[in-house]
Each structure stands twice: as C-alpha cells, then as structure tokens.
Amino acid sequence: IFYGSPVNNATVSQMQDDVNILITGNANSFYYDETTAQWTPPSSFADVMPPAKGWYQYAYVGSAGLELDFTGELNTGNISTPITSSAGSGWNIVSNPYPSPIDLQSLWDFGTNPAVFYRYNGNSYNTFLAAAGISNPPGLTKYVPSMQGFWVNAGTYTAMTYTNSCRVTDPAQAVDNFTKSTFPLY
C-alpha cells in the first residue's frame, strides 16, 4: 500500500498495531529516496513520518480490507514536502496529508505543483493529468482519498505544497472506478 499519515508527528510505530512492520532484514516498510533511487526502510520505529511524505508498506489486504489508524493532531493548513529530481529521474512518492480527500486539480493550481500524478491500483499505475482534468485509463477522478500515497515527477519543482483549498468536504467524491470503495489504500 502507498500511504501517508493524516496526523502530525506520527511515528512508524503507530502502524505496528495494524500490520507487521519489519525494518531490518527482510524489511517490508519503505520510503523512496529519489536522490539515491533506492527504496529505504526507516532506521527506527521512532522515525517520524513527515506530513505529505509517501510510504510503501507491503501488507496482505484480504477481502475484509485493512484498517489503519493514527493517533495525534490532525494535519491542516499549509503543508509542504520536498521533492527532488536527480538519481531517480524525478520520481517522488508523496501522499494526501489530510484526514479528508483532496482535489488534484486544486493541488496543481495552474503551476504551483507538478501537473501529472500517478496512482497505483494494485495492478498497474494510472495517470491523472491535472491541467486537462483527464486520466488514463478513464475512470480515475481528480480526487485522492485521505492517506493515499501517489507518485509525482518533480521536474523543476522542489516541493509539493498543499493548502486547505485543495481539500474536499465530501468523502464520497473520492470514490471512483480506480479506488473501488470508500477509503482504500493501494
């Protein structure tokens, strides 16, 4: 699953009650370090998951789904996370840092952030082009559920900046043919 924390100062250990996290040996929890083009496990369960930073957790998600919970102060307001373009050809995993869906077209905001977003559906990556409001394949909407991680290509950008104006007040808007249910994480 690609995800991020909707609360401030969440640590990797907060996921431990939801999934079995391994950070050494056969690690199963990672962030992608674009500067080295490497999947990197956290160094400690006490590592803080910065708002809007994307993570990958290998976890079996059965038909009953998987519930992730976080404890702490909910993220709100302006949030910025660094993105880079070097060894990994500019590919960065970021996430929706809010406890509500976001609108990718509002996030793009005509040049404030990168315009192309990639989300994983469990089998393949789908593209959403914010400038045109279209996806390939069709069916992926401009809405990203809470905690959902996604890829962006930094290009010349050095940060992804989120504001409350990109938040959506109706969680049902984040349901599309891509996510298949109300709040899934892939």
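Index from 1, following the sequence.
Side chains of Thr11 and Ser13: a donor on one and an acceptor on the other come within 3.5 Å. In this model, no donor atom of one side chain and acceptor atom of the other lie less than 3.5 Å apart for Thr71 and Gln14. For the residue pair Arg167 / Thr76, a side-chain donor-acceptor distance below 3.5 Å is found, with atom types taken as modelled.
Considering all non-hydrogen atoms of both residues, Ser95 and Gly4 come closest at OG-CA, 3.3 Å. Nearest heavy-atom pair, Ala52 versus Pro97, reported as atom, atom and distance to 0.1 Å: N-CB, 3.6 Å. For Tyr31 against Gly54, the heavy-atom pair with the smallest separation is CB-O, 3.9 Å. Residues Ser5 and Met49 approach most closely at CB-CE, 3.8 Å, considering heavy atoms. Looking at every heavy atom in both residues, Asn92 comes nearest to Ala154 through ND2-CB, 3.7 Å. Contact between Ala87 and Thr35 at its shortest, heavy atoms only, is CB-O, 3.1 Å.
Here the side chains of Pro6 and Ser146 are in contact, with some heavy-atom distance below 4.5 Å. Tyr118 has its side chain within reach of Trp91: a pair of non-hydrogen atoms, C-beta onward, lies under 4.5 Å apart. When side chains are defined from C-beta on, Glu67 does not count as touching Asp18, because their heavy atoms never get closer than 4.5 Å. Here the side chains of Leu104 and Val144 are in contact, with some heavy-atom distance below 4.5 Å.
With values rounded to the nearest 0.5 angstrom, Phe30 atom CZ is found 8.5 Å from Gln57 atom CD. If you take CG on Asn78 and CG on Asn75, they are separated by 12.0 Å, rounding to the nearest 0.5 Å. Considering OH of Tyr3 and OG of Ser29, their distance stands at 4.5 Å, rounded to 0.5 Å. The CE atom of Met147 sits 8.5 Å away from the CG atom of Asp69 when rounded to the nearest 0.5 Å. The structure places NZ of Lys142 at 12.0 Å from SG of Cys166, a figure rounded to the nearest 0.5 Å. In this structure, the separation between CG on Asn113 and CG on Leu107 is 4.5 Å, given to the nearest 0.5 Å.
Counting heavy-atom neighbours within 6.0 Å of Asp17 CG, excluding the residue itself, gives a total above 12. Within 6.0 Å of CZ in Phe45 there are more than 12 heavy atoms belonging to other residues, nucleotides or ligands.
Judged purely by atom type and a 3.5 angstrom limit, Asn96 uses its side chain to pair as donor or acceptor with the backbone of Ser100. The main-chain N or O of Thr40 is never found under 3.5 Å from a side-chain atom of Asp33 such that the two would form a donor-acceptor pair. Here the side chain of Asp103 pairs no donor or acceptor atom with the backbone of Ser165 at under 3.5 angstrom. A donor-acceptor pair under 3.5 Å links the side-chain atoms of Asn28 to the main chain of Asn20, judged by distance alone. Of the possible donor and acceptor atoms, none in the side chain of Asn8 sits under 3.5 Å from a partner among the backbone N and O of Glu73.
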* To do: Could you check Ser86 against Thr84 for side chain to side chain donor-acceptor pair (under 3.5 Å), going step by step and ending with a plain yes or no?
  => CA-CA 6 Å; Ser86 57; Thr84 58; 4.5 Å; no
* To do: Go through Ile83 and Glu34 one step at a time and tell me if the side-chain contact (heavy atoms from CB on, under 4.5 Å) criterion holds.
  => CA-CA 8 Å; Ile83 56 176; Glu34 192 281 335; over 6 Å; no
* Asked: Going through the distances and angles, do Arg119 and Asn126 end up as a side-chain contact (heavy atoms from CB on, under 4.5 Å)?
  -> CA-CA 5 Å; Arg119 289 172 55 199; Asn126 296 329; 5.5 Å; no
* Asked: What's the verdict on side-chain contact (heavy atoms from CB on, under 4.5 Å) for Ile79 and Tyr98, showing C-alpha distance, side-chain angles and the deciding distance?
  -> CA-CA 9 Å; Ile79 295 173; Tyr98 299 119; 3.7 Å; yes
* Evaluate the criterion side-chain contact (heavy atoms from CB on, under 4.5 Å) for residue pair Val94 and Phe150; output intermediate values, then yes/no. => CA-CA 6 Å; Val94 296; Phe150 54 97; 3.5 Å; yes
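Trp39 and Leu22 end up in different hydrophobic clusters when Ile, Leu, Val, Met, Phe, Trp and Tyr side chains are linked at under 4.5 Å. Linking Ile, Leu, Val, Met, Phe, Trp and Tyr residues whenever their side-chain heavy atoms come within less than 4.5 Å leaves Val48 and Ile21 in two separate clusters.
Aromatic rings from Trp108 and Phe117 are positioned such that their centres are separated by 6.0 Å or more.
Sorted by first then second residue, the side chain to side chain donor-acceptor pair (under 3.5 Å) pairs that include residues 47-56, not counting sequence neighbours, are Ser43-Asp47.
Every residue two or more places apart in sequence or in another chain was checked for a ring-ring contact (aromatic ring centres under 6.0 Å, His included) with Tyr162, and none qualifies.
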